[in-house]
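Comments concern the structure below.
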Amino acid sequence: MRPGRQETERALRIGGALLLGGLAAACLFVASHEWFHGDDFSFLHHVREASASSWWWPFGERHWPFYRPLGMHSYYWTCLHAFGLSPFAFLGISVAFGTATAVAAGGVARRLGLQAPAPAITSLALLSSLAGTGVLTSATTFHYVAALLATNVSLALFLDETRARNAASAVVLMAGLLCNEIAALVPVA
């Protein structure tokens, strides 16, 4: 007897969740063998020395040429004060945000009406892309992951088509823009 559509979709969801969890665990394993490198140290030094108000002032002089107060300054400051110089903690945050981003992307695919296994494949493809490009294993690339998470959540809220959710979508999109300017692509899409 062949399984019904609901049983098949449930099995696909469980399988997708297991694959996503396995990929996230593999990313954490790789992250556990990483250390700060390159400009990570200059960012860490900068957030120790600069005042928090200077991070948020959009016209001030900054350590790097981009305005990313949530995706860079706040991330480095928060992780440094919470975890000290533990690169695994920084990268663990990136993996957690990357996994949440992948799940949110799968949710957007489902909201767009894609049938199983497309949402699971969307999630796996996004997390694989983030892992394969090194975004999840470099502390300096958190701003990409945070912006992608914000854009996916913003899209999910926008697709609900209620005024309150649309307003929340705009707020989340603004938070994404404070992480990285790539979030500006959402309205274009």
Side-chain angles (χ1 to χ4, degrees), residues 9 11-44 47 64 66 68 70-80 82-112 114-156 172-173 175-186 188-189:
E9 286 183 9
L12 286 170
R13 276 193 216 110
I14 291 170
L18 289 173
L19 284 171
L20 193 65
L23 184 56
C27 290
L28 279 174
F29 175 76
V30 170
S32 72
H33 292 82
E34 294 293 321
W35 182 244
F36 296 116
H37 56 81
D39 47 9
D40 295 348
F41 292 106
S42 64
F43 294 149
L44 288 165
V47 297
W64 48 85
F66 305 105
R68 298 173 180 162
L70 280 179
M72 293 296 287
H73 293 90
S74 297
Y75 164 70
Y76 270 90
W77 186 90
T78 302
C79 287
L80 183 63
F83 310 117
L85 288 175
S86 170
F88 180 72
F90 280 69
L91 300 172
I93 297 293
S94 287
V95 171
F97 269 68
T99 304
T101 300
V103 169
V108 168
R110 194 171 26 262
R111 300 265 307 140
L112 290 173
L114 298 178
Q115 299 297 315
I121 291 170
T122 301
S123 295
L124 289 169
L126 180 57
L127 190 60
S128 297
S129 175
L130 291 173
T133 57
V135 170
L136 296 182
T137 56
S138 173
T140 56
T141 56
F142 173 79
H143 56 97
Y144 292 118
V145 178
L148 284 171
L149 177 59
T151 57
N152 278 289
V153 170
S154 176
L155 280 171
V172 172
L173 182 59
L177 286 168
L178 292 173
C179 292
N180 188 294
E181 59 281 358
I182 62 169
L185 295 175
V186 172
V188 174

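Any value given below was found using the heavy atoms of this structure, including those in side chains, with hydrogens, waters and symmetry copies removed. This structure is a prediction, so every number in the text was calculated from the model and none was measured. Each residue takes its place number in the sequence, starting with 1.
Within the model, atoms OG1 of Thr78 and CZ of Phe90 stand 9.0 Å from one another, a figure rounded to the nearest 0.5 Å. Rounding to the nearest 0.5 Å gives a distance of 4.5 Å between CD1 of Ile182 and CG of Leu148.
Shown here for Thr101 and Asn152, the closest heavy-atom pair between the two residues is CG2-ND2, 3.7 Å. Heavy atoms only, all atoms of each residue included: Ala104 and Leu149 are closest at CB-CD1, 4.3 Å. The two residues Gly176 and Ala150 make their nearest non-hydrogen contact at CA-CB, 3.4 Å. Of all heavy-atom pairs spanning Thr99 and Ala24, the tightest one is OG1-CB, 3.4 Å.
For Ser86, the side-chain contact (heavy atoms from CB on, under 4.5 Å) criterion is met by Phe83, Phe88, Ala89, not counting sequence neighbours. Contacts of Arg68 classified as salt bridge (Lys or Arg N to Asp or Glu O under 4.0 Å), with partners at least two apart in sequence or in another chain: Glu181. Every residue was checked against the ring-ring contact (aromatic ring centres under 6.0 Å, His included) condition with His143, not counting sequence neighbours, and none meets it. Remark: Phe97 pairs with Phe142 by the ring-ring contact (aromatic ring centres under 6.0 Å, His included) rule, at least two apart or across chains.
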Under 3.5 Å, sequence neighbours excluded: what are the donor-acceptor pairs made by side chains of residues 118-134?
from: Thr122; atom 1: OG1; to: Ala118; atom 2: O; distance (Å): 2.8
from: Ser123; atom 1: OG; to: Ala102; atom 2: O; distance (Å): 2.6
from: Ser123; atom 1: OG; to: Gly106; atom 2: N; distance (Å): 3.4
from: Ser123; atom 1: OG; to: Pro119; atom 2: O; distance (Å): 3.3
from: Ser128; atom 1: OG; to: Leu124; atom 2: O; distance (Å): 2.7
from: Thr133; atom 1: OG1; to: Ser129; atom 2: O; distance (Å): 2.8
from: Thr133; atom 1: OG1; to: Leu130; atom 2: O; distance (Å): 3.4

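Identified under the salt bridge (Lys or Arg N to Asp or Glu O under 4.0 Å) test for residues 102-111, with sequence neighbours left out: Arg111-Asp160.
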Tyr75/Cys179 under side chain to side chain contact (heavy atoms under 4.5 Å, CB included): CA gap, chis, key distance, verdict
CA-CA 9 Å; Tyr75 164 70; Cys179 292; over 6 Å; no
Please report the C-alpha distance between Leu173 and Val153 in whole Å, then the side-chain angles of each, then the deciding distance to 0.1 Å, and finally whether the side chain to side chain contact (heavy atoms under 4.5 Å, CB included) criterion is met.
CA-CA 8 Å; Leu173 182 59; Val153 170; over 6 Å; no
